[in-house]
Amino acid sequence: MKNVMIVATNTFREAVRDRVLYNLVFFALLMMAAAILVGQISIDIEKSVIISLGLTAISVIGLFIAIFIGVGLVSKEMDKRTLYALLAKPLPRWKFLLGKYFGLLMTLTVNTAAMALGLYAALWVVKHPLVRADGFVLVAVYLILLKLGLIVALAMLFSCFTTPFLAILFTAGIYVSGVYAGDLRVMRVVQMDPGMLKLLRIVSYALPNFENFNVMGAVAHDRGVPGILVGNATLYAIVYGAIVLAIAAVVFSRRNLK
Amino acid sequence: MKSRALQGIALGVLIVLGMAEVWNLQRKIDAEKQSLQLESEELMLRSGSMVTRMSLEYAPLMAAIYWTRAVQYFGEKHHLQDQDLQLLWPLLDITTTLDPNLLPAYRTGSSFLSDAPPRGAGEPDLAVKLLERGIKANPEQWRLYQDLGNVYYFDKKDYLKASQAFQQGSELPGALIWMKAMAARIAAEGESLETSYFLWKQVYDGAKEPELKKNAGSHLRMLQVELDFRAINHLADEYEKQTGHRASKMSELVQAGLISGVPVDPDGYPYVLGEGGKAELNLDSPLLEEQVMQKK
Amino acid sequence: MCFLEHWGGVCVDAGGRVLKNRDMANPAIEIENLTKEYPYGFLNLKKRLSLEGLTLQVEDGEVFGFLGPNGAGKSTTIKCLMRLIFPTKGTARILGKSIEDVSMHQDIGYLPEQPYFYDYLTATELLDYFAQFHGLTANDRKARIEKMLKKVGLESTKKIQLRKYSKGMLQRVGLAQAILHDPKVVVLDEPMSGLDPLGRREVRDIILELKREGRTVLFSTHILSDAEMLCDRVGVIVGGKLRGVGAPGELVGIQSQGMEVLFELGPEGKRPALLSRATQTGERYRVELKEEELYAALDELKLAGARILSVTQIKATLEEFFMGLVEADRAQAAAVEVRGK
């Protein structure tokens with residue numbers, strides 16, 4: 001496992017030296033501007049709007065990083081052949097993969113945490129002092145991070161067997177489908193033949209249900225999130241992520257590099 | 001390469017077990033989310049014109065998305081027997097602003113809006129507003145006049161306006177003949193069971209949208225029950241006249257030769273005679289529930 | 001048909017082992033029947049054999065050169081050894097451990113062809129990163145990196161990010177990361193490619209030093225003179241098949257092919273009969289003679305007053321041996337095609 005951490009640390013270092021961090025500055029400025037603007041326009045709902053806006057931004061920016069960099073983690077190395085010398089070390093391929101994953105996860109955590117700070121700063125500007133209920137925002141951020149972790153795993157899986165472009169497309173596609181997966185289950189409207197309905201149900205469970213990680217509605221209105229939901233969502237992300245990474249590891253271990 | 005095969009098997013097992021756990025967790029999460037009503041009741045943007053501007057050239061697509069959302073919103077609330085439908089109007093408003101020609105939005109939407117709770121939102125005025133917008137954008141669509149007339153007749157009980165709506169609609173190309181007849185009849189009689197039944201039947205026959213059809217069908221059944229009640233009560237009165245006492249069982253009416261067999265309700269359950277010898281629904285009939293809901 | 005007999009060289013058995021060679025006690029690298037198929041074409045139904053039944057052994061402590069034209073399969077073989085690609089058939093062992101055993105990589109150093117490394121790292125950081133996988137302590141790493149950078153001549157640029165490195169410099173970093181952890185076996189894929197003559201000289205020196213330190217070196221190249229100079233033994237691969245293994249000298253045959261005489265005509269302009277067999281470049285003439293004809297020819301030239309510039313033994317070079325193989329291979333392929341039609 002030590003080797004996994006070595007790869008992870010290096011991946012983190014790469015991200016740091018990449019332009020990835022600039023988005024933090026951009027985000028912080030965005031949040032400040034939004035805070036000031038919102039303060040001028042509306043009454044009473046500034047807080048909820050800031051939280052919604054902030055969480056949306058964290059989610060979207062995180063999504064971009066997770067998909068684009070997640071895909072690049074493996075395919076960039078294969079393309080540029082930086083991988084070759086590394087695999088000649090006593091480092092099994094699956095450990096390499098895992099290391100890359102954790103490296104990006106670390107990057108995302110730091111990113112997200114920094115953005116959360118920016119969000120809190122904006123909140124403070126708009127409505128200080130901060131209340132205990134504002135702690136719920138952290139729960140929402142944590143769940144977003146879980147979601148991003150799952151997306152990175154998916155991005156890596158796809159990048160292990162298709163071109164980077166297709167991998168990005170597939171990952172984005174799964175993300176969109178995953179967001180609506182829950183709706184597939186509650187669709188009562190359209191009359192369909194039962195076989196089709198059953199199939200749709202199965203698909204709706206098989207897809208990663210990203211709505212599990214969305215508590216924006218509650219948090220924006222100062223409502224708490226029950227611990228058991230957070231616990232189950234965490235378990236969900238871990239189990240699903242583990243499956244995806246395991247498949248990725250097997251696929252990658254058998255792949256002939258060019 | 002034996003290790004490869006083993007690896008494959010191990011992976012397969014992991015996937016199967018893992019997805020089973022995923023399914024299990026998902027069900028728990030679904031329950032937790034629902035029971036705590038964490039569904040976002042928020043519509044971030046309530047202004048139709050704003051959404052239209054933001055949609056660039058994709059307004060019709062956005063309209064379809066919003067319409068789907070409206071339908072799902074309605075369906076979900078219905079399923080949960082939640083009567084709070086406050087987002088319905090904004091959703092319909094945005095949909096029709098994005099695409100003023102989206103007929104199903106007007107037709108089914110006005111039906112959802114206008115129907116009294118627990119079936120609908122109980123907002124006939126908003127339904128009128130919606131339909132008037134629809135008529136303005138689609139002046140050749142006589143069905144919208146039909147819907148407008150229905151709203152005035154059933155939910156606003158304004159028979160004059162209802163009659164006018166049917167009249168105006170009857171003059172449009174493609175309008176069925178009954179529109180004119182209805183206009184006259186409502187102007188003369190106001191509300192009657194037969195009229196109500198007829199109007200809903202027209203909606204049912206002419207509706208392309210499945211939700212609209214379903215709703216009409218539901219109304220029709222209840223009206224059928226009312227009509228049947230009237231007929232049965234009429235016979236019961238006959239029986240009383242003949243025998244001097246009130247019948248307490250349907251079989252008595254049959255024995256008296258007033259009716260050839262025990263009539264059944266639209267779901268197939270035989271009617272019974274209840275308090276005061278008046279027709280009532282069989283206790284087993286699922287229509288009883290609907291009747292109770294309607295009476296609320 | 002055994003190509004090598006034509007050249008007066010040694011013949012190999014079906015296993016690619018030179019028949020005269022002794023059986024090795026401790027082969028550092030053993031390759032057995034290595035085959036690699038590449039499916040191609042519509043629905044991947046056709047298969048191309050980039051490696052066919054390769055069998056050879058590299059002895060402990062020897063410098064072994066893989067020779068062959070581009071696309072012959074040298075890189076494919078090396079990548080199979082390093083488990084970058086997976087052979088369709090066959091096995092291999094390095095230092096007694098199967099190539100499927102990842103721990104075996106502790107004792108191997110590898111330089112990929114046209115190496116490219118993480119360009120956001122400096123040379124020091126890269127070497128440090130790679131060294132960590134070998135379980136070296138921080139101090140140990142530091143010391144070795146210093147030594148290595150000096151050895152490959154990158155000391156002055158060690159703090160510069162690799163994105164700014166020239167090709168030659170990258171090659172040197174690659175070499176450094178391959179030998180930093182004191183591997184017993186060093187595998188180099190085209191180590192000379194892209195280097196200027198000075199760079200090539202430096203790499204040659206490093207390889208010789210590795211040999212002096214008792215390491216086994218396997219490298220691939222298509223530059224024959226390098227192979228002649230450095231290798232104890234050479235394996236020639238053409239068209240995915242091993243065509244011959246042996247010491248460079250053995251392969252080309254120890255027999256002399258004849259003598260070459262260079263001369264100029266004398267001041268009196270007398271023309272010896274030899275001129276009919278000679279080729280002329282400017283004032284010089286060149287003639288090829290069999291050994292037994294030499295003295296008679298020299299007498300003739302002396303009589304004619306010609307000035308003798310040089311007398312040298314003609315030896316087949318590795319290049320000619322090589323070209324012969326390639327030509328024969330092409331001819332055979334063409335023959336197969338004709339037959340097939």
Side-chain angles (χ1 to χ4, degrees), chain A residues 1-22 69 72-100 102-104 106-107 160-162 249-258, chain C residues 36-39 50 75-76 78-88 97 100-122 125-135 161-163 170 173-178 180-181 183 185-187 189:
Chain A
M1 271 313 147
K2 186 165 158 251
N3 279 351
V4 172
M5 283 320 292
I6 298 175
V7 178
T9 320
N10 187 61
T11 309
F12 183 73
R13 177 163 55 173
E14 173 175 8
V16 163
R17 293 196 190 175
D18 208 341
R19 285 144 271 131
V20 163
L21 284 186
Y22 294 171
I69 300 188
L73 282 180
V74 176
S75 46
K76 200 165 80 163
E77 292 233 25
M78 286 201 292
D79 254 3
K80 292 203 175 155
R81 302 177 174 216
T82 46
L83 196 52
Y84 285 32
L86 192 56
L87 288 186
K89 302 296 166 198
L91 176 74
R93 288 202 191 180
W94 68 270
K95 283 196 186 173
F96 165 76
L97 209 70
L98 219 58
K100 282 275 172 179
F102 283 124
L104 185 52
M106 281 198 283
T107 311
C160 280
F161 62 85
T162 53
V250 170
V251 169
F252 188 56
S253 297
R254 301 197 184 181
R255 194 185 157 133
N256 285 287
L257 302 176
K258 54 176 156 88
Chain C
K36 178 72 187 161
E37 278 175 0
Y38 279 110
S50 67
S75 242
T76 309
I78 290 182
K79 285 182 192 159
C80 277
L81 283 178
M82 306 308 299
R83 291 304 267 191
L84 294 170
I85 61 183
F86 302 97
T88 317
K97 292 194 195 152
E100 301 192 17
D101 182 357
V102 180
S103 68
M104 169 261 291
H105 287 237
Q106 270 289 4
D107 299 313
I108 309 182
Y110 171 57
L111 171 66
E113 82 177 310
Q114 290 175 336
Y116 191 84
F117 302 104
Y118 305 107
D119 49 11
Y120 57 92
L121 292 177
T122 66
E125 287 170 338
L126 181 84
L127 292 176
D128 191 58
Y129 178 46
F130 282 172
Q132 286 181 1
F133 294 105
H134 293 279
Q161 284 190 331
L162 291 177
R163 71 173 92 234
L170 282 177
V173 165
L175 211 49
Q177 63 86 25
L180 184 122
H181 52 287
V185 174
V186 181
V187 177
D189 200 343

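Both backbone and side-chain heavy atoms feed into the values below; hydrogens, waters and symmetry mates do not. Lettering follows sequence order; numbering is per chain, from 1.
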Nearest heavy-atom neighbours spanning [X] and [Y]:
X: A/Pro90; Y: C/His134; result: CD-CE1, 3.5 Å
X: A/Ala88; Y: C/Met82; result: CB-CE, 3.5 Å
X: A/Asn256; Y: C/Phe86; result: OD1-N, 2.6 Å
X: C/Lys79; Y: A/Tyr84; result: CE-CE2, 3.9 Å

State, without any angle test, whether A/Glu77 and C/Tyr118 hold a side-chain donor-acceptor pair at a distance under 3.5 Å. yes

Out of curiosity, C/Tyr129 OH to A/Asn10 CG, how far, rounded to the nearest 0.5 Å? 4.0 Å

Find the distance between CD (C/Gln177) and NZ (A/Lys89) and round it off to the nearest 0.5 Å. 4.5 Å

Counting heavy-atom pairs under 4.5 angstrom with chain C, the leader among A/Arg254, A/Arg255, A/Glu14, A/Arg81 is A/Glu14

Select, from A/Val7, A/Leu83, A/Leu87, the one with the greatest count of heavy-atom pairs under 4.5 Å involving chain C. A/Val7

With a sphere of 6.0 Å drawn around NZ of A/Lys76, does it hold more than 12 non-hydrogen atoms of other residues, nucleotides or ligands? no

Atom group of C/Leu121 that falls short of 4.5 Å from chain A, counting heavy atoms: both

Can you tell me which portion of C/Pro112 sits under 4.5 Å from chain A's heavy atoms? Options are side chain, backbone, both or neither. side chain

Toward chain C, the part of A/Arg93 with a non-hydrogen atom under 4.5 Å: side chain

